[in-house]
Protein chains: 2
Amino acid sequence: MKKVINKVETSWQNVLSENGYRVSGPRRYVMQLLESNAQPMTPLEIYQALSQSGRPLGIVSVYRALELLAELGLVCVVYNPDGSAGYVVGAGGHHHHIVCQNCHQAIAFAGSEDLSSLIQRVEKETKFHVSDHLLQLYGICPDCQKALADAEEEN
Amino acid sequence: MKKVINKVETSWQNVLSENGYRVSGPRRYVMQLLESNAQPMTPLEIYQALSQSGRPLGIVSVYRALELLAELGLVCVVYNPDGSAGYVVGAGGHHHHIVCQNCHQAIAFAGSEDLSSLIQRVEKETKFHVSDHLLQLYGICPDCQKALADAEEEN
DNA sequence: AGCTTAATGAAAAAAGTTATCAATAAGGTC
DNA sequence: GACCTTATTGATAACTTTTTTCATTAAGCT
Ligand SMILES: [Zn+2]
Ligand SMILES: [Zn+2]
Ligand SMILES: [Zn+2]
Ligand SMILES: [Zn+2]
């Protein structure tokens with residue numbers, strides 16, 4: 001477990017340098033793309049999007065950039081409702097994501113104290129010591145709620 | 001979305017037949033193996049374990065069996081702490097899994113009402129309509145707690 | 001500008017998953 | 001129990017995704 005420097009105020013460029021990594025082209029492309037996209041993207045999707053927008057980089061670099069950025073907490077893995085996984089930019093601190101089942105838009109919500117009573121219950125029931133958790137919510141985003149309601153009206 | 005017959009009292013064999021599927025060798029092997037294993041297993045691990053214990057079956061059948069069994073709710077996908085995923089037998093009804101970070105043993109806990117207040121908060125914050133969730137807890141199981149404590153003593 | 005070395009890209013290898021189709025066997029009928 | 005129908009299987013191949021290798025490139029420092 002490597003200690004990661006990642007203060008809330010610092011930019012992702014600083015997080016990279018302060019941890020001894022270079023701010024290279026591929027890392028910049030990937031971060032900028034994810035920052036501009038609310039949908040979780042797979043390595044292949046990222047590679048294709050960047051290639052099309054004139055960023056010449058190998059897909060291997062996408063994998064490597066994502067691995068590092070994830071280790072530094074700059075990007076997060078999000079599981080789509082269908083079980084496939086993608087990457088989004090990571091909010092700082094303890095948080096989770098809510099994903100739209102319709103358009104796959106994912107946004108973060110703060111997670112402080114979110115599960116303390118549940119965890120207490122489960123620890124008592126199972127005798128496990130709980131130290132971490134994976135949580136995601138699935139639903140319909142405001143935009144899709146509107147779009148779906150409009151579509152309904154037309155029938 | 002196909003309607004699945006899966007009453008709590010009925011055995012997995014009945015779930016298969018009542019939904020029009022046959023109780024075939026591979027499906028039996030996979031279910032029996034997962035029932036005897038608390039650790040989530042990948043398709044490859046399942047294939048290797050069954051082959052070694054003298055069950056001649058193709059890995060393709062493992063994939064197909066898992067796909068069907070998951071659709072019927074007889075097995076569940078569990079994400080290991082390292083992000084890899086495996087299958088375990090599925091408990092009935094609304095539940096989640098807690099996974100040991102040391103031995104990967106996974107056991108289910110009931111999930112009724114587990115997140116209602118959190119979900120209310122997030123719906124208000126994000127304006128999403130929440131309809132589903134993914135939740136897993138990570139920790140140390142009773143066995144590993146004991147083993148780790150014993151190892152500690154020896155120092 | 002020049003140096004050092006982390007980081008990249010291309011290609012190949014490895015790993016994981018899906019599609020195809022003839023052969024097999026599960027479950028029902030007589 | 002033998003027979004029939006057809007869902008299911010296994011072997012192969014195709015395909016997709018991820019990792020490894022290593023010579024080349026470029027980020028950051030002096
Ligand atoms: Zn949406
Ligand atoms: Zn949380
Ligand atoms: Zn354990
Ligand atoms: Zn739940």
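Lettering of chains follows the sequences in order, A, B, ..., and the numbering in each one begins at 1.
Separating the CE atom of A:M31 from the P atom of C:dA7 is a distance of 16 Å, rounded to the nearest angstrom. Whole-Å rounding puts the B:Q13 CD to C:dG27 P distance at 10 Å. C:dA25 atom P lies 13 Å from atom CG of B:L57, rounded to whole Å. Residue A:N19 contributes atom CG, which lies 11 Å from atom P of C:dA7 at whole-angstrom precision. Remark: P of D:dA7 and CG of B:L16 are 15 Å apart, rounded to the nearest angstrom. Summarising the geometry, the separation between CG on B:L66 and P on D:dT9 is reported as 11 Å, rounded to the nearest angstrom. Between B:Y29 atom OH and D:dG10 atom C1' there is a gap of 13 Å when expressed in whole angstrom units.
Remark on the helix from C:dA1-D:dT30 to C:dC30-D:dG1: inter-end axis angle 50°, axes from five-pair C1' superpositions, rounded to 10°.
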Protein-nucleotides 14-17 of chain C N/O pairs closer than 3.5 Å?
unit_1 : atom_1 : unit_2 : atom_2 : d
C:dT17 : OP2    : B:Y63  : OH     : 2.5
C:dT17 : O5'    : B:Y63  : OH     : 3.4

Restricting to nitrogen or oxygen on both sides, can you table the protein-nucleotides 23-30 of chain D pairs closer than 3.5 Å?
unit_1 : atom_1 : unit_2 : atom_2 : d
D:dA27 : N3     : A:R22  : NH1    : 3.0
D:dA27 : N3     : A:R22  : NH2    : 3.4
D:dG28 : OP1    : A:V23  : N      : 2.7

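The ring-ring contact (aromatic ring centres under 6.0 Å, His included) search around B:Y47 returns none, not counting sequence neighbours. With sequence neighbours excluded, the residues that form a ring-ring contact (aromatic ring centres under 6.0 Å, His included) with A:Y79 are B:Y79. Applying the salt bridge (Lys or Arg N to Asp or Glu O under 4.0 Å) rule to B:R121 yields the partners B:E125; only residues at least two apart in sequence or on another chain are considered. For A:K127, there are no salt bridge (Lys or Arg N to Asp or Glu O under 4.0 Å) partners two or more places apart in sequence or in a different chain. B:Q136 is linked by a side chain to side chain donor-acceptor pair (under 3.5 Å) to B:Y138, counting only residues two or more places apart in sequence or in another chain.
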Could you list the donor-acceptor pairs under 3.5 angstrom formed by side chains in residues 25-35 of chain B, with sequence neighbours left out?
unit_1 : atom_1 : unit_2 : atom_2 : d
B:R27  : NH1    : B:R22  : O      : 2.8
B:E35  : OE2    : B:W12  : NE1    : 3.3

Just list the side-chain donor-acceptor pairs under 3.5 Å for residues 84-97 of chain A, sequence neighbours left out, or say none.
unit_1 : atom_1 : unit_2 : atom_2 : d
A:S84  : OG     : A:N80  : ND2    : 3.2
A:S84  : OG     : A:D82  : OD1    : 2.7
A:H94  : ND1    : A:G111 : O      : 3.2
A:H94  : NE2    : A:H96  : NE2    : 3.1
A:H94  : NE2    : A:G111 : O      : 3.3
A:H94  : NE2    : A:H133 : NE2    : 3.2
A:H95  : ND1    : A:A91  : O      : 3.3
A:H95  : ND1    : A:G93  : O      : 2.9
A:H96  : ND1    : A:L135 : O      : 3.4
A:H96  : NE2    : A:D114 : OD2    : 3.1
A:H96  : NE2    : A:H133 : NE2    : 3.1

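The shortest distance between the side-chain N/O atoms of B:R27 and the OP1/OP2 oxygens of D:dT8 is below 4.0 Å.
B:F128 and A:C141 get closest at one heavy-atom pair: CZ-CB, 3.4 Å.
A:L148 shares a hydrophobic cluster with A:I140; the chain of contacts runs through ILVMFWY side chains whose heavy atoms sit under 4.5 Å apart.
Not one N or O on the side chain of A:S61 forms a donor-acceptor pair closer than 3.5 Å with the backbone of A:L57.
The A:R64 side chain lies nearest to D:dT21 when the options are C:dT18, D:dT21, D:dT9.
Annotation: side chain to side chain donor-acceptor pair (under 3.5 Å) contacts involving residues 49-60 of chain B, sequence neighbours excluded, are absent.
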